[in-house]
Asks: 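Below is a structure I'd like to ask you about.
Each ligand, and each atom within it, is numbered from 1 in the order the structure gives. What you are looking at is a predicted structure, and each value in this text was computed from that prediction instead of being measured.
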Amino acid sequence: MSQVIENLQHLIAIPSVTGNEHNLQLHIQQELAGQGIEAFFQEGNLVVFMPGQDHTRAFIMNSHSDVVDPGDPDKWTHGPWSGEIEDGRMYGRGTSDMKAGLAASLELADRLRKRPSMPVDTWFTFVIQEETDGKGTRSFSDWFVKEGYAARYTEMVAIFTEPTHLDSLEYGHRGNYFLKASIDGQAGHASRPHELNPHAIMEMTHFMTDLEQEMAEWKKQFKGLLFSPPTITPTSLRADSTSPNRVSDHCEAIFDLRTIPQFHEAAFERVKEIAEKRGISLSLVCDPAPSGYTDPTASIIKAVQAVIPEVKLNVSQAAADLGFLTEIGVQGIIYGPGEITQAHQTNESVEVAQVERAPDLYEAIYDTWASQTDS
Ligand SMILES: [Zn+2]
């Protein structure tokens, strides 16, 4: 068995459901130490810095170490932490999303470490909490700016090792806001609804109708763009009453707003404006996730195309960690072994041959990018 596959099995054997990544992070740190590579903790993230001869350019690898809950282990034909291989596929939670990419990244670190020198500053980041709110990459991005690294580079690129089957790459994704809308109305007897001003529940439903109309406008306004138009949809609604004939005096709803690079903060401002007209107050459930976008002619994309001429270029409609780095000027892409259709599934698996191919491709992309003189 190849080294990368053996390493992947070890990674799969350590459960690392979001919020409980620490054991896996310690394992990765030990693994790297065994290769003679020092990794330090930046909050919960594990970071490796390999200084290069050219201090003005940075190459960053980003892999998240958390996985989603496997659910009922009995529903798995191979245990979720087994890493068993059958018919050329390895099974287990995180095989595709994204411990395969993480194992390939570790293999690349090992190969680079064996070289006498590195052409450019090289960073390996193993981040936490990608599956919930991207807190890990967000924190790394803040740290990278605060420590002065972002300012010192004239060019920064990143590869997020999420599964893209190695034959396509993603250079953008939508952003999102999770919003809580709430309104205090008048409590009162349901037999005289016209006397209630405002009627909290009715006002909230009117707000939802307003948003539906707004979304139809967005569809027209942002037609024909790369990303599908911004969307907003309620994900929960709540108004409690102690009695069936008493109208609740409070109503709240949670909304999921998906934005595009051209319309991120402005989308939020627009929703706020509509809410205010209805007397509804809006608050953020958590920090918003920016949309990510790298120009398709960026040097990192050219490097991938030089290595894999037939690579397909896509954008993703879901949110991802990319935006936290593109926001600070990093040209990032999503590219890695595994299949996105396997992510979060029972019996998640990955093709072994693809995982074995990934480090060669990463190394070739790295060398191609690092040797580019005009950028
Ligand atoms: Zn992932």
Asks: When the aromatic ring centroids of F144 and F140 are compared, is their separation below 6.0 Å?
Replies: yes
Asks: How many degrees, to 10°, between H64 NE2 and E162 OE2 as seen from the Zn ion (ligand 1)?
Replies: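 Rounded to 10°, it measures 90°.
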Asks: Which atom, among the N/O/S set of D97, is closest to the Zn ion (ligand 1)?
Replies: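 Nearest N/O/S atom: OD1.
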Asks: For the aromatic rings, using the six-membered ring if either is Trp, is the centroid distance between H22 and F41 under 6.0 Å?
Replies: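 Yes.
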Asks: Measuring from K302:NZ to T368:OG1, what's the distance to the nearest 0.5 Å?
Replies: 13.5 Å
Asks: Assert yes or no for the condition that the ring centre distance of Y335 to F160 is strictly below 6.0 Å.
Replies: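 Ring centroids of Y335 and F160 are no less than 6.0 Å from each other.
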Asks: Does the shortest distance from the Zn ion (ligand 1) to an N/O/S atom of E131 fall below 2.8 Å?
Replies: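 It does not; every qualifying atom lies at 2.8 Å or beyond.
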